[in-house]
Amino acid sequence: MFKELGSHPVPKHARSYMYCFGGITFLLFLIQVITGILLAIYYKPTPELAYESVMFIEQDVWMGAAIRSIHNVAANLMVIAVLMHMFRVIYTGSYKPPRQLNWIIGACLLIIVLAFCFTGYLLPWDQLGYWAAVIGTKIMGSLPWLGEQLLLLSQAGSKITGYTLTRFYALHIVILPVVAIVSMVIHFLMIRKQGISGGL
Ligand code: HEM
Ligand code: HEM
């Protein structure tokens with residue numbers, strides 16, 4: 001299986017840095033998984049203990065501040081990389097048939113990456129995260145038809161409370177990673193099956 005995976009040469013036209021951004025996004029995701037698991041060893045997802053546990057990670061845990069910084073910087077780089085990847089796909093017209101379904105899966109992956117950032121931002125339970133969650137959930141609430149339900153669902157009630165923190169934590173470390181990994185496997189299998197697009 002590994003021989004099959006590794007022995008596939010990259011087509012000549014795709015040997016350009018432009019075609020690297022999808023892989024870079026994936027590498028950054030792996031960094032997030034590793035640093036995220038390390039953070040979760042000390043992080044406590046309750047309103048009373050969340051901020052205290054993040055300060056403990058910053059000040060007392062060996063390499064804690066460095067790992068938190070890496071998680072933070074890689075999260076920002078991941079958004080930049082995924083957008084660059086999307087612009088490459090637009091530039092080379094790779095969204096066109098037969099790859100339209102993979103474009104849609106990619107669009108879901110973009111929403112997943114942004115959802116990771118949004119839910120992670122509340123976890124330190126500080127002023128920045130709290131007010132970002134207020135604004136973000138209110139924006140969802142302003143959507144037509146489903147807005148009100150989405151607001152209640154995302155806040156786990158009519159305002160941001162400890163239940164919101166638990167919900168965001170479950171999304172951030174269980175639900176989103178599972179959905180992201182399944183979507184990426186489909187994304188990669190489809191690229192293997194269809195081959196990389198012909199370029200310009
Ligand atoms: C977590 C996010 C994502 C990861 C890890 C990822 C990964 C990859 C990788 C490794 C490739 C191979 C070629 C390359 O790297 O350029 C690729 C191709 C592709 N991606 Fe993504 N991608 C992501 C998000 C997206 C987004 C947001 C879109 C568009 C909305 C998208 C649409 C596509 C399409 C259409 C292809 C096929 C391109 C071709 O055949 O030339 N992907 N993706
Ligand atoms: C399985 C994967 C992941 C796990 C287990 C995980 C775990 C965690 C934990 C425990 C925290 C709270 C600690 C802290 O704030 O320093 C956190 C924060 C955060 N996470 Fe993740 N994470 C994962 C993936 C991701 C991904 C893929 C992204 C972005 C694309 C992301 C973005 C963030 C952000 C922006 C914060 C706030 C950081 C801060 O304020 O310092 N995480 N994550």
Side-chain angles (χ1 to χ4, degrees), residues 25-26 28-61 64-65 67-83 86 104-187:
T25 311
F26 182 60
L28 288 164
F29 178 72
L30 294 183
I31 293 174
Q32 290 304 80
V33 172
I34 294 166
T35 52
I37 291 172
L38 292 174
L39 287 171
I41 292 173
Y42 285 101
Y43 175 77
K44 298 188 174 125
T46 65
E48 296 79 24
L49 297 170
Y51 186 72
E52 206 179 291
S53 70
V54 170
M55 284 303 111
F56 183 72
I57 293 171
E58 283 278 336
Q59 291 158 7
D60 297 297
V61 175
I67 286 166
R68 188 162 177 241
S69 282
I70 295 170
H71 199 73
N72 218 325
V73 172
N76 287 288
L77 290 179
M78 204 172 155
V79 176
I80 297 171
V82 77
L83 290 177
M86 201 173 103
I104 291 170
I105 293 167
C108 296
L109 277 166
L110 176 67
I111 294 170
I112 293 168
V113 171
L114 297 178
F116 261 118
C117 292
F118 180 55
T119 52
Y121 207 60
L122 179 69
L123 300 185
W125 202 243
D126 53 4
Q127 287 290 321
L128 263 178
Y130 179 86
W131 292 105
V134 170
I135 295 164
T137 50
K138 287 250 163 81
I139 291 174
M140 282 192 255
S142 70
L143 287 171
W145 301 309
L146 279 175
E148 193 137 338
Q149 277 82 349
L150 272 178
L151 181 72
L152 289 174
L153 194 70
S154 59
Q155 292 189 336
S158 54
K159 57 179 193 296
I160 308 276
T161 60
Y163 289 107
T164 324
L165 181 60
T166 318
R167 187 153 298 187
F168 275 35
Y169 188 59
L171 278 165
H172 193 80
I173 77 154
V174 184
I175 302 165
L176 287 171
V178 171
V179 179
I181 289 166
V182 171
S183 312
M184 282 182 204
V185 169
I186 300 173
H187 199 57

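This is a predicted model, so every value here is computed, not measured.
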Could you please spell out the steps behind the side chain to side chain contact (heavy atoms under 4.5 Å, CB included) verdict for Leu83 and Leu110?
-> CA-CA 8 Å; Leu83 290 177; Leu110 176 67; 4.0 Å; yes
Should we count [atom1] of [X] as having more than 12 external heavy atoms under 6.0 Å?
X	atom1	value
Tyr51	OH	no
Tyr130	OH	yes
Gln149	CD	yes

Considering all heavy atoms of both residues, which atom of [X] and which atom of [Y] are nearest to each other, and what is their separation?
X	Y	answer
Ala81	Leu28	CB-CD1, 4.1 Å
Val79	Cys117	CG2-SG, 3.8 Å
Ser154	Thr137	OG-CG2, 3.4 Å

Roughly how far apart are [X] [atom1] and [Y] [atom2], rounded to 0.5 Å?
X	Y	atom1	atom2	answer
Gln155	Arg167	CD	CZ	10.5 Å
Tyr43	Ile57	OH	CD1	8.5 Å
Phe29	Ile112	CZ	CD1	9.0 Å
Leu109	Ile104	CG	CD1	12.5 Å
Ile67	Tyr42	CD1	OH	9.5 Å
Phe26	Met78	CZ	CE	9.5 Å

Scan Leu39, Val73, Thr35, Leu38 and name whichever one has a side chain to side chain contact (heavy atoms under 4.5 Å, CB included) with Arg68.
-> Leu39
Any donor and acceptor pair, going by atom type alone, linking the side chain of Thr161 with main-chain N or O of Gly157 inside 3.5 Å?
-> no
For the side chain of Gln32 and the backbone of His71, is there at least one donor-acceptor N/O pair under 3.5 Å apart?
-> yes
Do His172 and Tyr121 come within less than 4.5 Å of each other through their side chains, counting heavy atoms only?
-> no
Kindly indicate, with the supporting measurements, whether the criterion side chain to side chain contact (heavy atoms under 4.5 Å, CB included) is fulfilled by Ile105 and His187.
-> CA-CA 7 Å; Ile105 293 167; His187 199 57; 4.1 Å; yes
Derivation of the side chain to side chain contact (heavy atoms under 4.5 Å, CB included) call for Leu128 and Trp131 | CA-CA 6 Å; Leu128 263 178; Trp131 292 105; over 6 Å; no
